[in-house]
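Letters A, B, ... mirror the listed sequences (proteins, then strands); counts begin at 1.
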Amino acid sequence: MVDDDASESFAFDGRSYPTYQEMVNAKRRRNADVLAKSGLLEAKSAIASSSGGGGSGGGIVGGTRGLKRAKVVPPGDDDGRPAPPPRRKSSRIAGAMAPDVRVERESMGSFVISGADASPPSSSSSSSSSSPSLRVESSTTSKDATAGYNGRVNDGSDLSVSDAVELVGYKWRGDGDTERAERLFARILPDAIEDVPIANYRRGGGRAGGGMGLSSGSPVSVVDVTNTTSGRPAQSTAATTVPRKDDVDDDDDAHRGIRRLVDGLSCDDGECVAKVTPDRIYSVACHPSPNAVIVCAGDKTGHLGVWNVDGYNHGGDDAMNNENASSSSLSSSSDDGVHLFKVHSGAISTLAWNGPGTSLLTSSYDGSVRLFDVERGRAFVEVFATYGDEVKYRDKLGYGTDRGYNSWIQGMEIDTRYGSGGGGGGGSGGFFLCTSEGRVMHVDMRMKGRLTFDAVLSEKKINTISLHPDGNVIATAGLTGIVQLWDVRKIPTLSSKEKPKPISWQESGGRSINSAYFSPSGKRLLTTTMSNRLEIMEDSHLVAGRMMPKMRVSHDNQTGRWLSTFMARWHPGCYTNREIFVVGSMKQPRCMEVYDHDGDLLREIRGDAITAVASRCCFHPDTNKLIVIGGNSSGRVTIAR
DNA sequence: TGGCAGATTAATAAT
DNA sequence: ATTATTCCATCTGCCA
């Protein structure tokens, strides 16, 4: 059985390549891969027979690193853990559902969700009022609504590190997890913070390390876009995709430098991948410390996985005696650097470190935002959450913002206008949120926390919200298929009747837009669309009215239902005059793609460590090296460097 | 215009 | 090796 060769020429494996060389390269890669695999089979059996090695899948891939599911709970568990419920799925289907929502099974295996619009928490909070002691049951029934609080993890009180570890179900917890987590929190992360250079986050002097600035020089060829009538420009690019210019232009040095970095990326060995969360990854973020690679991933059921990739700080001088290398008898995996917390009851839609890396914000479908404040030693503080109108919530930030079951927080952007390192509330000035029903909210955390505005900017879901570095413009994009730019200062509140009006907008192929992000320099706006395109606009914030993209790359974004959608993301630092971004890909073999700001594909990163489609990707913020991170739909994270 | 059914998608855990 | 499970995605088509 040979894989279908499909068509030769410039197309291969369902993709078309702009140059023959690239196609050939792709093919070589594929062939090498196939070979490797077949060779592996032999090698595997050989190894297995000889050394009988550890357990499952000597196979390179598959990630032996990271979380491991506890198979069976030993009968005599000392922890007093409750015996595992007989069966997970059955219990869930059997009806442990949220009060107001029922799921009915239909013939074809599809589900129907019926029930009133999740009425706000039933007034009688009965048992769960404020149970201080966390019950461990959870997890298996992560979806059940702990009456009130929209089924969130708790009533909004703080979660300590150990709380968050406890909330992880027995299935994904191991001995010593709490101690390890506490050390991460009390020691490893604080050390990592120390390493973050001030230049990385201080405003004013250029956002990024290395270097410098964007060519503020040429004020830009303002894309004249507007004059071309509604018609499209030369649509002729039909041929394919990338509008590339063959001759690299002037800023060669920068270009070459970046190419060198990008070409050097690899992720071939098993150390480059680990299972970090139990479920599908919705968001990834990387701590800015230049001396560590500490990756965070948020999954569908509210788990936050933290992977300390190189075991940063492990050898610490006074490392705890109690748990040195030898202690772990059962779980040798106890020191693979993966930590798991459960901090939300719904998907973690966005994860974001603030500039100095002192705190991590998590936004979730469960309607809450939590702050992991390393600097102040406070773990998962609920910073905002949607609450109903009941009087008892009057003191909560987010009081009266609950809009029922069909509303959730889809995206978040840290507000850097007051300085990303700002004192204020825990290391960031505040944040913007966008929701499934098209709302945009802003929370100012500088004082006690205040909801600054709450406006409906779209009739449908808004997927992302992005703040322009100049602090005056935000971009929203979502199911309406239109990117819109807004003047932050002129967003009307809910109470005011005036209709919000965007400064400018752009539609893209009529389908929805997965993401729209301003580049760190602010010069460009990058969108990822369901009409299979990546589009780059330049100086869009200077245009009023209709915008047109400067560059357009065709890109298969049909991830389907079971994978998180693609959202191309910029490198947060500026390389001299060159900005780059990364995006997942449906190509086979799987890869992550790095492009530059002209839409040129610099690299397809492949390797044994990429075991599945990397739906959500990001970069390590450091500009002195290049590290690419990808999260897939089974909770695995791959890093390339 | 809005609501629903149905198709589609990829990867794992369980068999 | 095959099957069942995922089911807070999104698009199209059909109905009112």
Side-chain angles (χ1 to χ4, degrees), chain A residues 1 14 41 56-57 61-63 67-72 87-90 92-93 97-98 100-115 117-118 142-143 145 150-152 171-172 273 275 277-283 298-302 344-349 363-367 386 403-411 434-437 459-463 478-481 509-515 528-532 556-567 584-590 610-616 631-636:
Chain A
M1 328 336 221
L41 290 179
S56 61
V61 190
L67 298 178
K68 280 203 287 210
R69 177 185 288 248
K71 254 282 156 57
V72 184
R87 215 137 162 70
R88 174 184 179 143
K89 64 184 178 192
S90 49
R92 202 166 64 76
I93 290 174
M97 298 303 293
D100 292 323
V101 184
R102 28 170 18 80
V103 172
E104 291 164 10
R105 191 176 254 289
E106 286 217 336
S107 55
M108 302 303 287
S110 67
F111 289 87
V112 173
I113 299 180
S114 59
D117 58 342
S142 59
K143 280 188 182 167
N150 287 329
R152 278 177 220 127
K171 243 173 215 186
W172 296 101
V273 61
K275 174 116 174 156
T277 63
D279 291 304
R280 127 183 182 196
I281 291 176
Y282 273 59
S283 50
D299 80 358
K300 193 188 65 170
T301 46
H344 289 285
S345 65
I348 297 181
S349 48
S363 73
S364 168
Y365 282 18
D366 70 10
T386 57
R403 297 290 185 284
Y405 179 78
N406 288 318
S407 172
W408 62 85
I409 297 173
Q410 179 72 25
C434 56
T435 75
S436 56
E437 358 95 60
E459 290 166 2
K460 295 180 178 168
K461 184 170 85 176
I462 298 177
N463 280 325
L479 280 185
T480 58
R511 304 226 185 119
S512 92
I513 298 175
N514 297 340
S515 67
T528 307
T529 77
M530 288 304 283
S531 40
N532 284 345
D556 180 5
N557 292 329
Q558 306 306 307
T559 45
R561 176 170 201 172
W562 312 122
L563 304 187
S564 300
T565 54
F566 291 148
M567 294 172 37
S585 170
M586 298 299 286
K587 287 175 192 165
Q588 209 121 27
R590 303 310 188 193
I610 300 188
T611 58
V613 175
S615 292
R616 296 287 157 91
N632 70 27
S633 75
S634 65
R636 268 175 256 271

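- Computed from coordinates, the A:Leu479 CG to C:dC11 P distance equals 6 Å when rounded to whole Å.
- Protein atom CD of A:Gln558 is 18 Å distant from nucleotide atom C1' of B:dA11, rounded to whole Å.
- Look at A:Arg636 and you won't find any side-chain N or O under 4.0 angstrom from OP1 or OP2 of B:dA11.
- Note that CH2 of A:Trp562 and CZ of A:Arg280 are 8.0 Å apart. Values are rounded to the nearest 0.5 Å.
- Atom CG in A:Leu67 sits roughly 15 Å away from atom C1' in B:dA13 (whole-Å rounding).
- At a threshold of 4.0 angstrom between heavy atoms, the contacts of A:Lys460 with the nucleic acid are absent.
- Taking 4.0 angstrom as the limit, A:Ser512 places a side-chain polar atom (N or O) nearer than this to OP1 or OP2 of C:dC11.
- Between A:Trp562 and A:Thr565, the residue anchored closer to the 5' end of DNA chain C is A:Trp562, taking for each the nucleotide with the nearest heavy atom.
- Across all strands shown, B:dT9 has no partner, as no Watson-Crick or G-U wobble contact with both distances under 3.5 Å is found.
- The side chain to side chain contact (heavy atoms under 4.5 Å, CB included) test with A:Asn514 is passed by exactly one of A:Leu479, A:Thr528, A:Thr559: A:Thr528.
- Between the side chain of A:Asn557 and the backbone N or O of A:Thr529 there is at least one donor-acceptor pair closer than 3.5 Å.
- Separation of the C1' atoms belonging to C:dT6 and C:dT10 is 16 Å when rounded to the nearest angstrom.
- For the pair A:Arg561 and C:dC11, the criterion of a side-chain N or O lying under 4.0 Å from OP1 or OP2 is not met.
- Checked against B:dT12, C:dA9, C:dT12, the side chain of A:Arg511 finds its nearest nucleotide in C:dT12.
- A:Asn632 places its CG atom 11 Å from the P atom of B:dA13, with the value rounded to the nearest Å.
- Of the candidate nucleotides B:dT9, C:dC8, B:dT12, B:dT9 has the atom lying nearest to any side-chain atom of A:Met586.
- Atom NZ of A:Lys171 is separated from atom C1' of B:dA13 by 10 Å (rounded to the nearest Å).
- Remark: C1' of B:dG2 and CG of A:Asn406 are 13 Å apart, rounded to the nearest angstrom.
- Residue-level contact check: A:Ala347 touches neither bases nor backbone, having no heavy atom under 4.0 Å from any strand.
- Within the 4.0 Å cut-off from OP1 or OP2 of C:dC8, not a single side-chain nitrogen or oxygen of A:Arg280 is found.
- A donor-acceptor pair under 3.5 Å is formed between the side chain of A:Gln558 and the backbone N or O of A:Met530.
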Decide yes or no on side-chain hydrogen bond (donor to acceptor under 3.5 Å, both in side chains) for A:Glu437 and A:Asn406, but give the supporting numbers first. CA-CA 7 Å; A:Glu437 358 95 60; A:Asn406 288 318; over 6 Å; no
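- Side-chain atoms of A:Ser436 come within 3.5 Å of backbone N or O of A:Trp408 as a donor-acceptor pair.
- Of the side-chain N and O atoms in A:Lys461, one or more sit less than 4.0 angstrom from OP1 or OP2 of C:dT10.
- Relative to the side chain of A:Leu563, the nucleotides B:dA10, C:dC11, C:dA9 differ in distance, and B:dA10 lies closest.
- Distances were taken from every side-chain heavy atom of A:Arg590 (C-beta onward) to each of B:dA11, C:dT10, B:dA13; the shortest belongs to B:dA11.
- In terms of phosphate contacts, A:Ser633 brings no side-chain nitrogen or oxygen within less than 4.0 Å of OP1 or OP2 of B:dA10.
- In this structure, CE of A:Met530 is placed 7 Å from C1' of C:dA9, rounded to the nearest angstrom.
- The separation between A:Glu459 atom CD and B:dG3 atom P is 12 Å, rounded to whole Å.
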